[in-house]
Amino acid sequence: MPLDRYYIESFLQRHAQDIRGRVAEIGDNVYTLRFGLERVVTSDIIDSPESANPHATMRIDLQDVNAVEGGRLDCIIVTQTLHMIYDVRGALATVHRALAPAGVVLATVPGITSIDAHDGPEKWFWAMTQSAARRLFEERFGSAGVEVQQFGNVLAATAFLQGLAFEEIDRASLDVVDPLYPVITGIRATKF
């Protein structure tokens, strides 16, 4: 398992109780089903309008706030996606609009990472620090509704850049957080 996936799954596990009711996830619904269990009433899969994803139930451009029905979702899972959207503020406005009152977005963004060969440099716009993620989400959700958590350290960042897998590193070493070497940042934001 790639090291960043370990951190993503740790973040989602910590917030599994938020994955409930009407849930949407970007690209597939693997995390919705794994962490939401019986709490999930409906599960939607969000993908772009030009995507060939046959499982997508919502084909929308996240940068277009009018592309979604407002107040429909209880939880949206947005893992490792925002860095590939140029208009991040527009995407967060769309996510905010889609959430019902008290709805939660669980998002992760990359920190120290290489650019994915599959996506390539033309689709990769951002890497975010904990401070940038906090400020972007607070602009839309307010400071009281945003929790930001960083994952990673120099060992994890170096191992990740070298292509080592989760199974090749001591787990206790991975769980140490060093704010100077963020591998990913997890964001939990609630719509009030």
Side-chain angles (χ1 to χ4, degrees), residues 1-9 11-12 15 18-36 40-100 103-129 132-133 135-137 139-141 146 160-161 163 183-191:
M1 175 171 61
L3 284 174
D4 65 338
R5 292 290 152 192
Y6 167 68
Y7 291 130
I8 293 163
E9 292 177 10
F11 171 73
L12 292 173
H15 298 288
D18 292 321
I19 304 171
R20 56 169 172 58
R22 298 164 298 175
V23 180
E25 184 175 341
I26 306 294
D28 59 39
N29 63 353
V30 171
Y31 292 143
T32 300
L33 299 177
R34 183 186 309 168
F35 297 110
V40 175
V41 175
T42 62
S43 174
D44 280 306
I45 297 170
I46 299 173
D47 219 322
S48 65
E50 60 274 354
S51 167
N53 182 348
H55 304 290
T57 56
M58 297 175 69
R59 294 186 182 280
I60 59 171
D61 177 355
L62 281 179
Q63 300 170 104
D64 179 5
V65 72
N66 296 314
V68 297
E69 180 183 340
R72 182 175 172 269
L73 298 169
D74 299 303
C75 180
I76 303 174
I77 300 171
V78 185
T79 56
Q80 305 302 88
T81 301
L82 294 173
H83 64 286
M84 293 188 289
I85 299 173
Y86 184 75
D87 182 7
V88 176
R89 284 183 172 94
L92 292 179
T94 302
V95 167
H96 187 268
R97 175 184 164 96
L99 287 171
V104 174
V105 57
L106 298 174
T108 63
V109 293
I112 297 172
T113 185
S114 58
I115 293 176
D116 186 284
H118 178 301
D119 295 322
E122 292 302 314
K123 294 181 182 178
W124 198 287
F125 296 105
W126 313 107
M128 286 186 215
T129 63
R135 288 182 68 175
L136 282 166
F137 276 81
E139 284 176 6
R140 181 57 56 183
F141 290 87
V146 176
F160 185 47
L161 289 173
V183 175
I184 73 152
T185 298
I187 307 103
R188 177 187 184 272
T190 305
K191 180 178 180 177

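The first residue of the sequence shown is numbered 1, and numbering continues consecutively from there. Basis for what follows: all heavy atoms, side chains included, without hydrogens, waters or symmetry-related copies.
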Participant: Under 4.5 Å between any side-chain heavy atoms of Val105 and Ile187, yes or no?
Facilitator: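 Heavy-atom side-chain distance check fails, nothing below 4.5 Å.
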Participant: Please evaluate residues Ile77 and Thr32 with respect to the criterion side chain to side chain contact (heavy atoms under 4.5 Å, CB included), reporting the C-alpha separation (whole Å), side-chain torsions for both, the decisive distance (0.1 Å), and the verdict.
Facilitator: CA-CA 8 Å; Ile77 300 171; Thr32 300; 3.6 Å; yes
Participant: Would you name the heavy atoms of Gly186 and Thr108 that are closest together and state the gap between them?
Facilitator: CA-CG2, 4.2 Å
Participant: Does a side-chain heavy-atom distance below 4.5 Å link Val68 with Val95?
Facilitator: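 No, their side chains stay 4.5 Å or more apart.
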Participant: Can you name the closest pair of heavy atoms from Cys75 and Leu106 and give their distance?
Facilitator: SG-CD1, 4.3 Å
Participant: Determine, for Glu69 against Arg97, whether the closest basic-nitrogen to carboxylate-oxygen distance falls under 4.0 angstrom.
Facilitator: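 So Glu69 does not pair with Arg97 through a salt bridge.
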Participant: Would you give the length of the straight line joining atom CG of Leu3 to atom CD1 of Ile8, rounded to the nearest 0.5 angstrom?
Facilitator: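 Going from the CG atom of Leu3 to the CD1 atom of Ile8 covers 11.0 Å.
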Participant: Is Arg59 atom CZ crowded by more than 12 heavy atoms from other residues, nucleotides or ligands, each under 6.0 Å away?
Facilitator: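 Atom CZ in Arg59 is crowded, with more than 12 foreign heavy atoms closer than 6.0 Å.
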Participant: So, taking the atom named OG1 in Thr79 and the one named CZ in Arg5, what distance separates them when rounded to the nearest 0.5 Å?
Facilitator: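 Answer for the OG1-CZ pair, Thr79 versus Arg5, is 5.5 Å.
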Participant: Okay, side chain of Thr113, backbone of Gly111: is any donor-acceptor separation there less than 3.5 Å?
Facilitator: no
Participant: When the ring planes of Phe137 and Phe141 are compared, do they come out parallel, tilted or perpendicular, using 30° and 60° as the limits?
Facilitator: parallel
Participant: Distance-only, no hydrogens or angles: does the Thr57 side chain make a donor-acceptor pair with backbone N or O of Ile45 under 3.5 Å?
Facilitator: yes
Participant: For the residue pair His15 and Asp18, establish whether any side-chain heavy-atom pair is separated by less than 4.5 Å.
Facilitator: yes
Participant: Less than 4.5 Å apart, side chain to side chain, heavy atoms only: is that true for Asp44 and Val23?
Facilitator: no
Participant: On a heavy-atom basis, which atom in Thr94 and which in Gln63 lie closest, and how many Å separate them?
Facilitator: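 Reported closest heavy-atom pair: OG1-C, 4.1 Å.
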Participant: What's the separation between atom CZ in Arg140 and atom NE2 in His96, rounded to the nearest 0.5 Å?
Facilitator: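 Atom-to-atom, Arg140:CZ and His96:NE2 are 6.5 Å apart.
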Participant: Can you see which heavy atom on Ser114 is nearest to which on Leu161, and at what distance?
Facilitator: N-CD2, 3.7 Å
Participant: Please determine, by modelled atom types, if Arg188 and Thr190 share a side-chain donor-acceptor pair under 3.5 angstrom.
Facilitator: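 Note: Arg188 and Thr190 side chains meet the donor-acceptor criterion.
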Participant: Decide yes or no for Leu92 and Glu139: does some side-chain heavy atom of the first lie under 4.5 Å from some side-chain heavy atom of the second?
Facilitator: no
Participant: When rounded to the nearest 0.5 angstrom, what is the spacing between OG1 in Thr81 and CG in Asp47?
Facilitator: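 Result: 9.0 Å between the selected atoms.
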Participant: Hey, mind stepping through Ile76 and Leu99 against side chain to side chain contact (heavy atoms under 4.5 Å, CB included) and telling me if it holds?
Facilitator: CA-CA 8 Å; Ile76 303 174; Leu99 287 171; 3.8 Å; yes
Participant: Locate the shortest heavy-atom distance separating Leu82 from Trp126; write the atom from each residue and the value.
Facilitator: O-CD1, 3.8 Å
Participant: Tell me if the CZ atom of Phe125 is crowded by more than 12 foreign heavy atoms within 6.0 Å.
Facilitator: yes
Participant: Before giving the answer on side chain to side chain contact (heavy atoms under 4.5 Å, CB included), spell out for Asp87 and Arg89 the whole-Å C-alpha distance, their side-chain angles and the decisive distance to 0.1 Å.
Facilitator: CA-CA 5 Å; Asp87 182 7; Arg89 284 183 172 94; 4.0 Å; yes
Participant: Could you check Asp74 against Lys191 for salt bridge (Lys or Arg N to Asp or Glu O under 4.0 Å), going step by step and ending with a plain yes or no?
Facilitator: CA-CA 10 Å; Asp74 299 303; Lys191 180 178 180 177; over 6 Å; no
Participant: Would you check if the side chain of Arg72 reaches a backbone N or O of Ala100 as a donor-acceptor pair within less than 3.5 Å?
Facilitator: no
Participant: Tell me whether Asn29 contacts the main-chain N or O of Ala24 through its side chain, where contact means a donor paired with an acceptor under 3.5 Å.
Facilitator: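 Here the side-chain-to-backbone pair does not exist.
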Participant: Looking only at non-hydrogen atoms, find the nearest pair between Val109 and Ala133 and report the distance.
Facilitator: CG2-CB, 4.4 Å
Participant: Would you please test Val40 and Leu33 for side chain to side chain contact (heavy atoms under 4.5 Å, CB included) and show each step?
Facilitator: CA-CA 8 Å; Val40 175; Leu33 299 177; 5.6 Å; no
Participant: When rounded to the nearest 0.5 angstrom, what distance separates CD in Glu25 from CD1 in Ile19?
Facilitator: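 Here the interatomic distance stands at 8.0 Å.
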Participant: Which distance, rounded to the nearest 0.5 Å, do you find between the OG of Ser51 and the CD1 of Ile60?
Facilitator: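 CD1 of Ile60 is found 12.0 Å from OG of Ser51.
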